[in-house]
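What you see below is based on every heavy atom in this structure, not just the backbone, and it leaves out hydrogens, waters and symmetry mates. Every chain is numbered from 1 and lettered A, B, ... according to where its sequence line falls, protein lines coming before strand lines.
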Amino acid sequence: MRRLRDPERRLQDGGLCPVALAQSGQARRRARPRRPGDPGERADPRADGRVEAQPDRPRFPAALCPVGRHPVVPGRGRDAGGRGGQARPSARGGRARVDHADACRIQAAPGAAGCEDHPPRLWPRSSLSDRQRLRRPHMSVVVRFAPSPTGRMHVGNARVALVNWLFARRNSGSFILRVDDTDTERSRQEYTEAIREDLTWLGLLWDRTESQSARMDRYAAAADRLRQAGRLYPCYETPEELERKRKRQLARGQPPLYDRAALKLTDEEKHKLEAEGRKPHWRFLIERTEIVWNDVVHGEWRFDGAKLNDPVLVRGDGQPLFPLSSAVDDIEMGITHVIRGEDHVSTTAAQTQIAPALGAEAPTFAHLPLMSDAGGQGLSKRLGSLSLGEMRADGIEAMAVNSYLARLGSPDPIVPAIRLDELSEGFEVSRLGRAGPKFDLGELRILNAKVLALLPYEAVSVRLAALGMAQADERFWLAVRGNLEKLADARQWHDVCHGEVRPVIDDPAFTAAAAKLLPEEPWDERTWSGWTGAVKAATGKSGKGLFMPVRLALTGADHGPEVKNLLPLIGRPRALARLGGKTA
RNA sequence: GACCCUAUCGUCUAGCCCGGUCUAGGACGUCACCCUUUCAAGGUGAAGACACGGGUUCGAAUCCCGUUGGGGUCACCA
């Protein structure tokens, strides 16, 4: 399966952003998206449209501002005023995205606090958060995650789904799960199920689900409209012929663009070809002008329409293709923000023309940079351990994945969260960087342990029981959760408390002495200090010399949860036996 | 091959637009020390980066030129 592309593999977020301009070659020049206010933006009508302002603070535009570097105010700033910014191109990395401004540095840099220090620099900052910008009266946010059921989800897809979900949640919008199953040859029901299962596991529940295979008539109708508008033309080349043309172009060092030979066909020629049994496939006539849109994560993105291939929208067998179905659905489902992977930019370029050709405005786009694995390899090339299914089987908590993915690539620190709302709370698509981050499983595992340490008993009781830990009650969980890498690791401690353990004893005389001093039950957390205090007085041992032998005898291990908490769970009979060297 | 995107500590990044306040800041991880009657947690501290080469400049992470690395796209896939 190839990557699942999420449907679009990446998402976009919405931001409202503005249109930007493009950058050209070097990235550096790219300005980040500017926010709407920038003069430049206006270039794209689309953008303006979307952004609406609120009554009081009308223009986003102004608001958007660029961000600059300015220290931010302590909190995030949203100051109100926006200032109109000018577009400020950012520099190389372009980091200047607008948004940023707002949030700017949460992790405030030390000095930063200082805004005060630098009073003079009032850099314009954008004052509105993504969400605030979105608060337009008539447009509520609608996003979608559109995977094609041709494989299992991996972390790259999960990131796109999560970003869309968080964006919707943060803006009180809705999140649609749209199964991109127009490719009947590769789509499989089992993958649709697997995707639902993975999303459910992550907790990314959808407000609505749609299936493209059920909307074929809509795509056919849209194709008719495009034909009538003269934007969709029939082509009769066979795949082999096209392949030959491409090879020839490549050999000459030319870009492999379709030559539009079909446009020159006369009606007779077409009839003749059809008489031979050829079925035409249909291409969208791209207008060869400059295409510009303001990408929420990227800033202005420019694309030379002359370098865009006329995309095939309908196959010879009548099946609609992704660029069409996706554009139609985004329009008809009222998608306001398309948040997808950067591997979709060329599709976006085409869609910015398809939507208008269909009489609609294109949504706001946000293209997330593609993640790579720890070695820097593209994720699409090797799933394996980075598939959600495997992670789950490996004991990774869904919230560990969410916590990691929600902050990766942003300047905000990655901290363990046990609820999705903790993540949506300050989430801004525009804070995501434009460079592709590496997904490090090692970091995930560390986060996983931290998430486990925060989970309340209710969150794991059923799973503990399913794992065979019948006597794992709340007291047990609270005692051990801080010492687990994976939930299943609790089993070792469950055995210590309720099962059998082979004690490790180096100094029988010492443990025997300690056993004699073991108090009568009932026991609680205080039992430990009272008992060890007595042992210390009687044997003269203290510190590690006192503690470690007892721990080894009682648990059979030299590390683990505090014995203070384990002791009451172990109980006197077992403790006595183990101190005496007996497996119990 | 063409085109596009991207490039700061091991990792995620701040800074870059408006050159000096950067002996480059934070977080995670790592190491050390402290604390704790173990481990962990916590506290303190340390090590750790401007991809490379030119240029401009009194001064460049920041500007210019070039190179290199990584990723992506060039399907009757999505």
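Rounded to whole Å, the separation between the C1' atoms of B:G54 and B:G15 comes to 24 Å. Taking atom C1' on both B:C16 and B:A7, the two are 13 Å apart, rounded to the nearest angstrom. Between B:G53 and B:U44, the two C1' atoms lie 42 Å apart (nearest whole Å). Nucleotides B:A75 and B:G70 have their P atoms positioned 23 Å apart, rounded to a whole Å. Between B:G26 and B:A14, the two P atoms lie 15 Å apart (nearest whole Å). Taking the P atoms as reference points, B:G29 lies 16 Å from B:U11, given to the whole Å. Across the P atoms, B:A47 and B:G25 are found 11 Å apart, a figure rounded to whole Å. Only the C1' atoms considered, B:C9 is 22 Å distant from B:G71, to the nearest whole Å.
Judged by Watson-Crick or G-U wobble contacts below 3.5 Å, the nucleotide B:C74 has B:G1 as its partner. Across the strands present, B:G69 finds its partner in B:U6; the criterion is a Watson-Crick or G-U wobble pair with both atom distances under 3.5 angstrom. Nucleotide B:C31 has B:G45 as its partner under the Watson-Crick or G-U criteria, with both atom distances under 3.5 Å.
Every residue two or more places apart in sequence or in another chain that forms a side chain to side chain donor-acceptor pair (under 3.5 Å) with A:Asp181 is listed here: A:Ser211, A:Ser213. Residues passing the side chain to side chain donor-acceptor pair (under 3.5 Å) test with A:Arg246 are A:Glu243, sequence neighbours excluded. Among residues two or more places apart in sequence or in another chain, the salt bridge (Lys or Arg N to Asp or Glu O under 4.0 Å) test is passed with A:Arg227 by A:Asp224. Considering only residues two or more places apart in sequence or on other chains, A:Thr348 meets the side chain to side chain donor-acceptor pair (under 3.5 Å) condition with A:Arg340, A:His367. Here A:Gln254 pairs with A:Gln249, A:Arg252 under the side chain to side chain contact (heavy atoms under 4.5 Å, CB included) rule; sequence neighbours left out. Applying the salt bridge (Lys or Arg N to Asp or Glu O under 4.0 Å) criterion to A:Arg188, with sequence neighbours excluded, gives A:Glu190. Residues passing the side chain to side chain donor-acceptor pair (under 3.5 Å) test with A:Glu422, sequence neighbours excluded: none.
In this structure, the nucleotide among B:C39, B:U6, B:C76 sitting nearest to the side chain of A:Glu562 is B:C39. Of the listed nucleotides (B:C28, B:A78, B:C77), B:A78 has the atom at the smallest distance from the side chain of A:Pro323. Distance from the side chain of A:Pro239 is smallest to B:C76 among B:C76, B:C74, B:G71. For A:Lys307, counting side-chain heavy atoms from C-beta on, the closest listed nucleotide (B:A7, B:C12, B:C3) is B:C3. Of the candidate nucleotides B:G29, B:C76, B:G72, B:G72 has the atom nearest to the side chain of A:Leu370. When each of B:C74, B:C5, B:C76 is scored by its nearest atom to the side-chain atoms of A:Pro256, the top-ranked nucleotide is B:C74. Comparing B:G71, B:A78, B:C12 by their nearest atom to the side chain of A:Gln377 picks out B:G71. Distances from the side chain of A:Lys450 to the nucleotides B:C12, B:G29, B:A7 place B:G29 closest. Taking every side-chain heavy atom of A:Ser148 into account, B:A78 is the closest of B:C3, B:A14, B:A78. Between B:U38, B:A2, B:C76, one nucleotide has an atom nearer to the side chain of A:Pro255 than all others, and that is B:A2.
A donor atom on one side chain and an acceptor atom on the other are found under 3.5 Å apart for A:Glu237 and A:Tyr258. For the residue pair A:Ser326 and A:Gln351, a side-chain donor N or O sits within less than 3.5 Å of a side-chain acceptor on the partner. Between the side chains of A:Asp329 and A:Tyr219, at least one donor N or O sits under 3.5 Å from an acceptor N or O.
Between the NZ atom in A:Lys450 and the CZ atom in A:Arg445 there is a gap of 15.5 Å [rounded to 0.5 Å].
Between A:His344 and B:A78, a base-stacking contact is recorded: ring centres under 5.5 Å apart, planes less than 30° from parallel.
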Please list, for nucleotides 30-37 of chain B, all pairs of protein and nucleotide N/O atoms separated by less than 3.5 Å.
{"from": "B:U37", "atom 1": "O2'", "to": "A:Gly543", "atom 2": "O", "distance (Å)": "3.1"}

Listing time: all N or O pairs from protein to nucleotides 43-49 of chain B that are below 3.5 Å?
none

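Rounded to whole Å, atom P of B:C28 lies 11 Å from atom CD1 of A:Ile414. Atom-to-atom, CG of A:Leu447 to P of B:C12 comes out at 14 Å; the value is rounded to the nearest Å.
Among the heavy atoms of the strands, none lies under 4.0 Å from A:Asp304. Contact annotation for A:Glu237: base contact, defined as any heavy-atom pair under 4.0 Å involving a base atom. Among the protein residues, A:Leu408 comes within range of the sugar-phosphate backbone only, with heavy atoms under 4.0 Å from sugar or phosphate atoms but none that close to a base. The residue A:Arg252 sits apart from the nucleic acid: no heavy atom pair falls under 4.0 Å. Counting any heavy atom pair closer than 4.0 Å across all strands shown, A:Leu552 reaches no nucleic acid atom. Counting any heavy atom pair closer than 4.0 Å across all strands shown, A:Gly316 reaches a base atom.
Residue A:Arg315 has a polar side-chain atom (N or O) positioned under 4.0 Å from OP1 or OP2 of B:C77. At B:A78, one or more side-chain N or O atoms of A:Gln319 fall inside 4.0 Å of OP1 or OP2 (strictly under the cut-off). The side chain of A:Arg434 contributes an N or O atom lying less than 4.0 Å from OP1 or OP2 of B:U6. Between B:A75 and A:Arg246, a contact under 4.0 Å exists linking OP1 or OP2 to a side-chain N or O. Close to B:C76, at under 4.0 Å from its OP1 or OP2, lies a side-chain N or O of A:Arg283.
With RNA chain B read from its 5' end, the first of the two nearest nucleotides for A:Thr184 and A:Asp440 is the one closest to A:Asp440. Positionally, the nearest nucleotide of RNA chain B for A:Val563 lies more toward the 5' end than for the other of A:Ser346 and A:Val563.
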#### Entry: From CA spacing to verdict: salt bridge (Lys or Arg N to Asp or Glu O under 4.0 Å), A:Lys544, A:Asp558
CA-CA 11 Å; A:Lys544 197 168 185 169; A:Asp558 61 2; over 6 Å; no
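The base of B:C76 sits within donor-acceptor range of the side chain of A:His281, with an N or O pair under 3.5 Å. One N or O donor and one acceptor, one from the side chain of A:Arg551 and one from the base of B:U38, sit under 3.5 Å apart.
Taking the centre of each ring, A:Phe284 and A:Tyr233 stay at or above the 6.0 Å mark.
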